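Lettering follows sequence order; numbering is per chain, from 1. On a predicted model such as this, the values are computed, not experimentally measured, just so you know.
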Amino acid sequence: DAGVIQSPRHEVTEMGQEVTLRCKPISGHNSLFWYRQTMMRGLELLIYFNNNVPIDDSGMPEDRFSAKMPNASFSTLKIQPSEPRDSAVYFCASSLGTRAGELFFGEGSRLTVL
Amino acid sequence: AQRVTQPEKLLSVFKGAPVELKCNYSYSGSPELFWYVQYSRQRLQLLLRHISRESIKGFTADLNKGETSFHLKKPFAQEEDSAMYYCALAPGGKLIFGQGTELSVKP
């Protein structure tokens with residue numbers, strides 16, 4: 001298994017543009033998490049899904065951010081419109097079961113908004 | 001409030017010295033705590049969990065409910081231990097991370 005797959009690995013865009021980050025969890029895992037990593041705030045949980053259903057989106061910064069999980073093998077995190085303060089590394093992780101334990105992380109998507 | 005605090009952003013030690021990475025948590029329930037590690041150019045991965053009470057790569061961590069702490073310790077640091085370490089709390093189905101501590105082990 002290739003593990004959690006994220007794309008793109010790097011994205012540079014201009015303020016105001018739409019950004020879509022993609023994630024493929026490990027096959028068979030039923031929980032999926034989106035995190036944002038910055039120097040100032042470390043790893044922040046944005047949203048997590050269980051069995052494709054959003055369970056907790058309290059970490060989503062504002063309405064510009066949205067996440068979907070249309071099926072068990074794919075999730076997207078969208079930022080529209082993007083702003084420079086959204087520049088960060090975005091991680092996707094998946095796990096098996098309903099209780100958080102061992103999360104398997106992707107390599108991250110580094111976003112730079114100019 | 002559910003919170004994890006790692007007070008040190010950077011910890012620098014010499015090879016062979018003892019290491020202690022501090023972690024304090026805030027949680028009203030019975031906590032499940034973890035340490036994750038991110039080596040250079042590698043994915044973030046689980047190092048150990050308090051419930052298993054195991055030693056991984058020479059690291060141990062003891063849950064102290066009285067002090068609400070879960071410090072990570074190793075008696076003799078190695079250069080290959082240099083990495084970013086995150087303490088994490090699992091209140092239910094999610095995992096909340098601290099800000100991380102960068103450990104630098106010098107030769």
Side-chain angles (χ1 to χ4, degrees), chain A residues 1-7 9-10 23-26 29-60 67 69 88-110, chain B residues 1-11 21-27 29-54 56 61 63 70 72 83-103:
Chain A
D1 195 330
V4 175
I5 300 173
Q6 291 187 245
S7 66
R9 292 291 313 281
H10 302 274
C23 175
K24 182 181 187 306
I26 291 173
H29 282 189
N30 59 351
S31 291
L32 183 139
F33 304 78
W34 281 102
Y35 287 88
R36 177 172 66 177
Q37 183 185 48
T38 61
M39 288 290 290
M40 290 297 295
R41 304 176 73 144
L43 268 170
E44 301 174 274
L45 176 64
L46 300 177
I47 186 171
Y48 80 97
F49 296 82
N50 184 253
N51 293 324
N52 312 338
V53 176
I55 303 300
D56 185 344
D57 65 355
S58 59
M60 295 285 263
M69 192 163 187
V89 180
Y90 291 81
F91 286 100
C92 176
S94 69
S95 70
L96 186 61
T98 55
R99 293 192 66 78
E102 183 169 9
L103 266 59
F104 293 83
F105 281 80
E107 293 182 290
S109 294
R110 182 177 292 277
Chain B
Q2 302 159 353
R3 187 166 52 247
V4 177
T5 303
Q6 293 178 250
E8 302 141 329
K9 271 197 170 297
L10 173 64
L11 185 62
L21 289 85
K22 291 184 168 48
C23 171
N24 288 91
Y25 67 90
S26 174
Y27 182 54
S30 184
E32 290 186 62
L33 288 152
F34 307 81
W35 277 98
Y36 277 73
V37 61
Q38 187 174 26
Y39 300 103
S40 179
R41 303 186 191 283
Q42 293 188 30
R43 302 179 187 218
L44 189 61
Q45 59 187 285
L46 177 67
L47 179 62
L48 56 79
R49 64 188 82 192
H50 91 271
I51 199 168
S52 57
R53 302 182 67 83
E54 58 197 343
I56 303 293
L63 175 61
F70 187 55
L72 183 67
M84 195 75 182
Y85 291 81
Y86 290 93
C87 182
L89 169 71
K94 60 186 179 183
L95 206 58
I96 298 172
F97 288 87
Q99 288 190 289
T101 298
E102 182 181 352
L103 175 63

Open item on the list: Looking at every heavy atom in both B:L95 and A:F33, which two are closest together, and how far apart are they?
Closed with: N-CE2, 4.4 Å
Open item on the list: So does A:G108 get a backbone contact from the side chain of B:R43, meaning a donor-acceptor N/O pair under 3.5 Å?
Closed with: no
Task: Heavy-atom proximity to chain B below 4.5 Å, by part of A:F91 - done: side chain
Task: Distance-only donor-acceptor check, side chains B:Y86 and A:Q37, under 3.5 Å - done: yes
- [ ] Kindly compute the distance separating CZ (A:F104) from CG (B:L44), expressed to the nearest 0.5 Å.
- [x] 12.0 Å
Task: A:E102 and B:R49, any side-chain heavy atoms less than 4.5 Å apart - done: yes
Task: A:L103 to B:Y36 - nearest heavy-atom pair and separation - done: N-OH, 2.8 Å
Task: Minimal non-hydrogen separation, A:D56 against B:K94, with atom names - done: OD2-NZ, 2.7 Å
TODO: Please state whether the side chain, the backbone, both or neither of A:L45 comes within less than 4.5 Å of a heavy atom of chain B.
DONE: side chain
Open item on the list: Counting neighbours of CZ on A:R110 that are heavy atoms of other residues, nucleotides or ligands and sit closer than 6.0 Å, is the number greater than 12?
Closed with: no
Task: Rounded distance (nearest 0.5 Å) linking atom CD of B:Q42 with atom CD of A:E107 - done: 10.0 Å
